[in-house]
Every structure is written in C-alpha cells, then in structure tokens.
Amino acid sequence: MQKYKLDTLCVQGGYTPGNGEPRVVPIVQSTTYTYESSQEMGALFDLEKEGFFYTRLGNPTNDVAEKKLAALEGGVGALITASGQAASLMAVLNICHAGDHVVSSSAIYGGTFNLFYKTMKEMGIETTFVPPVSTLEELQAAMRPNTKCVFAETLANPSLAVADLEAFAKAAHEAGVPLIVDNTFPTPINCRPFEFGADIVVHSTSKYLDGHAVQLGGVIVDSGNFNWDNGKYPQLTQPDESYHGVIYTRQFGKAAYITKCRTHLMRDLGAQAAPMNAFLLNLGMETLALRMERHCTNAQKIAEALENDSRIAWVNYPGLKSSPYHELAQKYMPNGSSGVISFGIKGGREAATKFMDSLKMASVVTHVADLRTCVLHPASTTHRQMNDEQLKEAGVPADLIRFSVGIENPEDILADVYQALEMAVK
Ligand SMILES: *Cc1c(COP(=O)(O)O)cnc(C)c1O
C-alpha cells in the first residue's frame, strides 16, 4: 500500500477485497467473533495471536479505517476512537501517570485545553502551556524532570496559529520525550507531521477526514519512530501484569505504543469507535484529497476578497501574505492549510452577531471543517469557559468569527458574505 500517493491511498488504502468479496468495505456490525477452540481464543487474549475477538478491542470495519489513516500519515499503526477528545486523552494517558507533566502549545482546540487545564490536572497530570511559536530556549525552560510528552496542534482551531513543529520536536527529543501533534485541520493531505519530527499524531475525524458531519470520531497514529527504551516509560518497557507480563517494546517493537493504547487503554476505558462510524469515516476519506484541494482554493479566494473589503477589521488566513503564520505555513503545509479562515468585522462583537444572523447559505453551527460552509463565534460558544486572558493566549479574540469555507461555488459563498455584511455594517 505504501507505494501509492496520498490521493490514491484515500481511495484504495486499508482494504483490498479478495475474490468474490464485497468491493465496498462491509459494515461488520458484530460485537464478537467465533473460534473453534477456547485455546485459540485464549491465545488472542494473551496477545500471542492477532485476530478479532471483541469489538471494543478491534473490528474489521474499524481496521480498514485504521489502516488507511496509518498509511495516510505514514505511521506503523493507528487506533480509531469514539471522538477526537478520546484520542487526545488516550494519546497522553498511554504514557503519562499521576505525578507526570506535559508541555503543550497554548494554541490548541478549546476542548483539548479544558482537558489539559482541568481534567488532567485533577487526575494529577500537570500541563505547562507555551506559545505555538517558541524558541528552543523557551521550550527547554518549560521541561521538567517528570515531563513525559510535548503536545502541539499543527494548525490551531480556531486561532489558525501554525505550530513550529521542528522546534517542538527538537525540544521534546532533547528531553527524551515524544511530540504528539493534533493534525485535524490540515489533514495528512496538507501536512504530515511525522516528516517534521512528530512521533504520535491525533485527529478529530469528525472534521475534514469525514467531511460530511455524519460521525464523531478520533484517531491516534503511531510513527513507530520514538525510542521508548530510555528509562522514562516503564509502562512500555516493563512487564504488564494485566497481560501475563507482556513487555510491549519487546513483543511489538515499533508498534509498542499503539498496541498498548489498544490492548490496555481501550480495554479499560472503552472509548471505541462504532463500526458504522468507521464505515462513514472511510467513505468520507475516499474524497478527502479532492475536498481539501477545493476547500483551500475557495478559502484563499474568500480571504483575499475580505482582506480588500473596507468593512472588515482584520482577516487571518495562513494563505495570506499578511498572516503572521504565512512563512511557517509555507514550510509545513505548502499546498494549502485548510478551508478555515477567521476575521473580525468593524463594529466588534455586535456587528459579528448581526453578520452571523444575516447569513443565508452558511449555517451557524458548532462544527467546522465540513463540506458545507459554516460559521461560529467561538468566544460565545466553544470557548466561553475561557476568560479574556486565556482567550488572548489561545489566539481567539472576542470578536473573532470562524468561517469554515465549504466546497460550494466560491461566488455563491462570497455573495452570501456580502449580503450579510450589508446588513451588519451600516
Ligand atoms: C473538534 C476537534 C477536536 C475534538 O474532536 P471531537 O471529535 O469533537 O471530540 C480536537 N482537536 C481539534 C483540532 C478539533 O477541531
């Protein structure tokens, strides 16, 4: 499968039917799988044999989506989860215990911020937040002896800050810890974080990967590149008594991290993806490359038009030369970032609300990265838990409108924006 290019992998990856088998990935709607002997099933339980035995730990439909995602990111294995939130949590919990520490970019999705700032803190895992573009010295200063991973978001939702992945990777590796990257917005079509030193990639597949807003899901992809044998990760290098003493790095080699994530964390936490959702995700991914191309050309057109409109206070899109992240975007995602742009309207919060209420085609939804143009005001919705200081740190000013450009005809999208601006700005 590896020899195919990304757009071919979107269509063909993960599933090659045999003679007389269904051409389209079947939905295996079964919790369980039969075996002729309990001895055979026992071997599966002991991780001595590969195979499906209970859908919480693996399912043939899920397996197709996982193989496709691993191929798209260039990893050794993937695990799909019930949501993006579950993916972020499990990616960290797989290597962090109470008493451990995480260094994270401050420009991350609001849900991830809450997870790190509140829930993980309550679980005894503390996070230090650093700017998405930090110097090596700043990153080094944030590290502690108990730091177990570094976390960043390639293209942050909703601030559109581009993380300096190579700096994060360098600082993480110097400290002997992996870099985990949320790559939801660019998708592997526009950025492959493993090529810039990331060790683990997570996604909310609810966004572009699916693209149709029909399923909630997440994924964890393991590059297989990180050396866990440096004394910091006994959970991977010491016997796991709950599996008769299996040592993940010894038995699973490069796939140690992702195997433990499935056999240990998925077994115990149960945030597995439903096979129906895996089917829908796979169907969506078949057109991912085409959709991303159109999202990016459409967004570039809308961003340029808005930048030249006197009613607009500011526009933020990494594809614009005026973006503070233009250069980093050129480096990490040269073919385009995503379809998401953000802007402020003259007249602040009030004009923003009027603008949103006046849109006719673009829908006001708590969603983003969908093939239909959609729009959201984060400060009053997804990020409403944050105070002004936190909002500023996350790069989400109170007047920010997140405009997720769909794949409709760009002239129709612009016409909708213009008629709403007419209503909002006198
Ligand atoms: C939406 C989102 C998440 C959370 O994903 P869910 O599928 O909604 O749980 C995480 N990261 C980013 C960047 C997102 O946009």
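Just follow the structure's listing: the first ligand is 1, and inside any ligand the first atom is 1. FYI, side chains are in, hydrogens and waters are out, and symmetry mates aren't considered; it's all heavy atoms of this structure.
Checked for salt-bridge contact, Glu122 and Lys118 meet the test: a charged N lies under 4.0 Å from a carboxylate O. Under 4.0 Å is where a charged nitrogen must lie from a carboxylate oxygen, and between Asp7 and Lys5 no such pair does. With salt bridges taken as basic N to acidic carboxylate O contacts below 4.0 Å, one links Arg311 and Glu422.
Relative ring orientation between Tyr332 and Phe196 is described as perpendicular, the plane-to-plane angle rising above 60° on a 0-90° scale split at 30° and 60°. Ring geometry, Tyr257 versus Trp228: the interplanar angle falls under 30°, so the pair is classed parallel (tilted spans 30 to 60°).
The cationic group of Lys207 lies under 6.0 Å from the six-membered ring centre of Tyr109 and within 45° of the ring axis, placing it in a cation-pi geometry.
The one candidate from Ser337, Ser338, Cys191, Pro318 that meets the side-chain contact (heavy atoms from CB on, under 4.5 Å) condition with Pro186 is Cys191.
Using a 4.0 angstrom heavy-atom cutoff, Gly217 counts as in contact with ligand 1.
Close approach to Gln85 involves these atoms of ligand 1, each under 4.0 Å from a residue heavy atom: 4 (C), 5 (O), 6 (P), 9 (O). Counting atoms of ligand 1 from 1 in the listed order, those under 4.0 Å from a heavy atom of Glu153 are 13 (C). Near Ser83, meaning under 4.0 Å from any of its heavy atoms, are these atoms of ligand 1: 7 (O), 9 (O). Near Asp182, with a cut-off below 4.0 Å to any heavy atom, the atoms of ligand 1 are 10 (C), 11 (N), 12 (C), 13 (C).
Comparing Gly218, Ser206, Ala369 against atom 7 (O) of ligand 1, the shortest heavy-atom distance belongs to Ser206. If you check each of Tyr109, Phe185, Tyr208 against atom 10 (C) of ligand 1, the one with the closest non-hydrogen atom is Tyr109.
Any N or O atom pair closer than 3.5 Å counts here, and Ser204 shares at least one such pair with ligand 1. Taking any N or O of Gly84, backbone or side chain, at least one lies under 3.5 Å from an N or O belonging to ligand 1.
At the top of the distance list for atom 2 (C) of ligand 1, counting protein heavy atoms only, stands Lys207 NZ, 2.5 Å.
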